[in-house]
Amino acid sequence: MTRSRRSIAPFAVVAAPGLTTAACGGETTPPTPSTVTVTQTPTEQPTGPARSQLTTQQVRAALPTKDDVPAIFRPDSRGFDTSSVSERTTDPASCLALYMATPAQRTFIKEHLVADGGVRFSEDPDEPGSASISVGILSYDEPYPRKYLDDAGAVLGECSTHTARTEPGASDVTWQATSIPTPTLGDQSLGVRIGSRDVDPAIDYLWVRSGHNVVHVRMLTGYRQDNGDQLKTTARGVLDDPAKTP
């Protein structure tokens with residue numbers, strides 16, 4: 001597989017507790033949540049390498065390197081664990097769909113995941129909570145269900161404010177969820193920002209379904225920062241690599 005170098009636009013975050021300032025950038029007001037499905041669902045693409053089951057070697061080759069992300073980010077040895085099964089709980093329980101962590105999704109991962117990998121790049125790898133961009137690829141032995149992204153879009157309205165805990169025994173934290181305008185990527189794509197308007201930190205999640213594969217781009221950022229172009233460019237670059245595989 002031949003990797004093509006990707007040119008990615010600069011990324012910036014606003015100052016926030018637990019986040020350092022990366023650069024100056026435009027801010028945006030998060031869109032009002034909606035109860036309608038926010039996924040982009042174009043006509044299914046023809047069968048090809050980007051939609052077929054991948055090997056571990058192909059997954060690793062498609063992941064971005066330090067040359068593919070803005071220079072402010074450095075490789076973070078903590079990595080991005082894509083194979084662990086979430087223990088997150090939410091109230092309402094339906095909000096687990098926003099994290100792709102419903103009971104049905106957890107079972108699907110356990111039964112059908114065949115190859116995965118992830119990388120993380122942080123502004124300051126030694127500082128917990130530093131601004132970061134993480135990319136994961138998960139490949140399954142059958143097509144990833146369209147329903148999972150549709151369900152996440154459908155619950156966005158009722159989950160515009162919800163509580164979540166990352167694992168049993170952890171404290172409940174109140175979060176706000178808003179949609180991120182997402183262009184057509186892969187077969188289906190969904191962008192969600194989950195964070196706090198009052199404290200400012202947020203996590204941007206972009207999920208792209210492409211046949212048997214899911215590309216997950218995650219950014220730790222400021223709540224009012226617009227990262228739409230960065231998310232889109234990163235995901236598109238990852239999709240391009242397996243597509244070039246003979």
Side-chain angles (χ1 to χ4, degrees), residues 1-4 6 8 39-65 68-69 75-76 78-88 96-121 132-153 182-192 203-219 231-246:
M1 179 182 303
T2 302
R3 168 176 290 277
S4 60
R6 295 183 282 271
I8 297 181
T39 52
Q40 305 293 322
T41 54
T43 302
E44 295 288 330
Q45 302 299 312
T47 299
R51 301 188 70 251
S52 303
Q53 178 181 321
L54 301 176
T55 65
T56 299
Q57 181 180 8
Q58 288 173 312
V59 166
R60 290 174 178 170
L63 289 169
T65 70
D68 300 316
V69 298
D76 192 323
R78 291 172 294 179
F80 183 32
D81 186 359
T82 52
S83 59
S84 63
V85 178
S86 174
E87 295 184 308
R88 187 187 306 272
L96 284 171
L98 296 180
Y99 301 89
M100 299 295 155
T102 65
Q105 291 165 326
R106 295 174 189 180
T107 298
F108 186 86
I109 291 173
K110 290 178 181 178
E111 295 180 351
H112 299 286
L113 184 66
V114 293
D116 68 287
V119 290
R120 180 191 303 189
F121 302 92
S132 65
I133 180 168
S134 301
V135 181
I137 304 173
L138 301 96
S139 191
Y140 299 93
D141 61 9
E142 64 178 57
Y144 192 74
R146 173 180 288 270
K147 170 179 169 59
Y148 294 158
L149 272 72
D150 284 338
D151 287 348
T182 307
T184 297
L185 295 167
D187 298 327
Q188 189 182 21
S189 51
L190 170 68
V192 177
I203 297 179
D204 286 348
Y205 297 86
L206 175 62
W207 308 90
V208 180
R209 182 180 71 87
S210 181
H212 288 243
N213 308 309
V214 173
V215 176
H216 178 197
V217 183
R218 181 185 300 184
M219 297 183 71
L231 293 164
K232 174 186 68 177
T233 304
T234 303
R236 183 167 287 153
V238 172
L239 288 169
D240 284 347
D241 262 330
K244 295 185 177 75
T245 304

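Computed from a prediction, not measured in an experiment: that's the story for all the values here.
Judged by distance alone, the side chain of Thr182 and the main-chain N or O of Gly191 form a donor-acceptor pair under 3.5 Å. For the pair Arg51 (side chain) and Ser210 (backbone), a donor-acceptor distance under 3.5 Å is absent. One N or O on the side chain of Ser189 and one on the backbone of Pro183 form a donor-acceptor pair closer than 3.5 Å. Formation of a donor-acceptor pair under 3.5 Å by the Arg209 side chain with backbone atoms of Pro145 is not found in this model. Here the side chain of Asp151 pairs no donor or acceptor atom with the backbone of Tyr148 at under 3.5 angstrom. No donor-acceptor distance shorter than 3.5 angstrom exists from the side chain of Glu142 to the backbone of His112, with no hydrogens or angles considered.
Side-chain contact check for Asp76 versus Ser132: every heavy-atom pair is 4.5 Å or farther apart. The shortest distance between side-chain heavy atoms of Leu113 and Phe108 does not fall below 4.5 Å. Thr82 has its side chain out of reach of Ile137: every pair of non-hydrogen atoms, C-beta onward, lies at least 4.5 Å apart. Taking the side chain as every heavy atom from C-beta outward, Val119 and Pro75 never approach each other to under 4.5 Å. Residues Gln188 and Asp150 are in side-chain contact: their nearest non-hydrogen atoms beyond the backbone lie under 4.5 Å apart.
Taking both residues in full, the closest heavy atoms of Arg106 and Ala101 are given as NE-O, 2.7 Å, listed atom of the first, atom of the second, then distance. For the residue pair Val59 and Gly117, the shortest heavy atom distance occurs at CG1-N, 3.5 Å. Here the closest heavy-atom approach between residue Pro103 and residue Leu96 is recorded as CD-CD1, 4.5 Å. Between Ser139 and Asn213, the shortest heavy-atom contact is OG-OD1, 2.6 Å.
Legend: residues meeting ring-ring contact (aromatic ring centres under 6.0 Å, His included) with Phe121, ordered by chain and number and at least two apart, are absent. In this structure, Asp116 has no salt bridge (charged side-chain N to carboxylate O under 4.0 Å, His left out) partners at least two apart in sequence or on a different chain. Every residue meeting the ring-ring contact (aromatic ring centres under 6.0 Å, His included) condition with Phe80, not counting sequence neighbours, appears here in chain and number order: His216.
Annotation: the span from Thr234 atom OG1 to Leu206 atom CG amounts to 9.0 Å, rounded to 0.5 Å. To the nearest 0.5 Å, atoms NE2 (His212) and CG (Asp187) are separated by 10.5 Å. Rounded to the nearest 0.5 Å, atoms CG (Leu239) and CG (Leu185) are 6.5 Å apart. Note: Ser86 OG to Gln105 CD = 10.0 Å, rounded to the nearest 0.5 Å. One finds the CG atom of Leu231 at 7.0 Å from the CD1 atom of Ile133 (value rounded to the nearest 0.5 Å). For the atom pair CD1 of Ile203 and OH of Tyr99, the computed distance is 8.0 Å after rounding to the nearest 0.5 Å.
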Practice item. Go through Met100 and Leu190 one step at a time and tell me if the side-chain contact (heavy atoms from CB on, under 4.5 Å) criterion holds. Key: CA-CA 11 Å; Met100 299 295 155; Leu190 170 68; 3.9 Å; yes
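Using a 30° and 60° split on the angle between ring planes, Trp207 and Tyr205 fall in the parallel class, below 30°.
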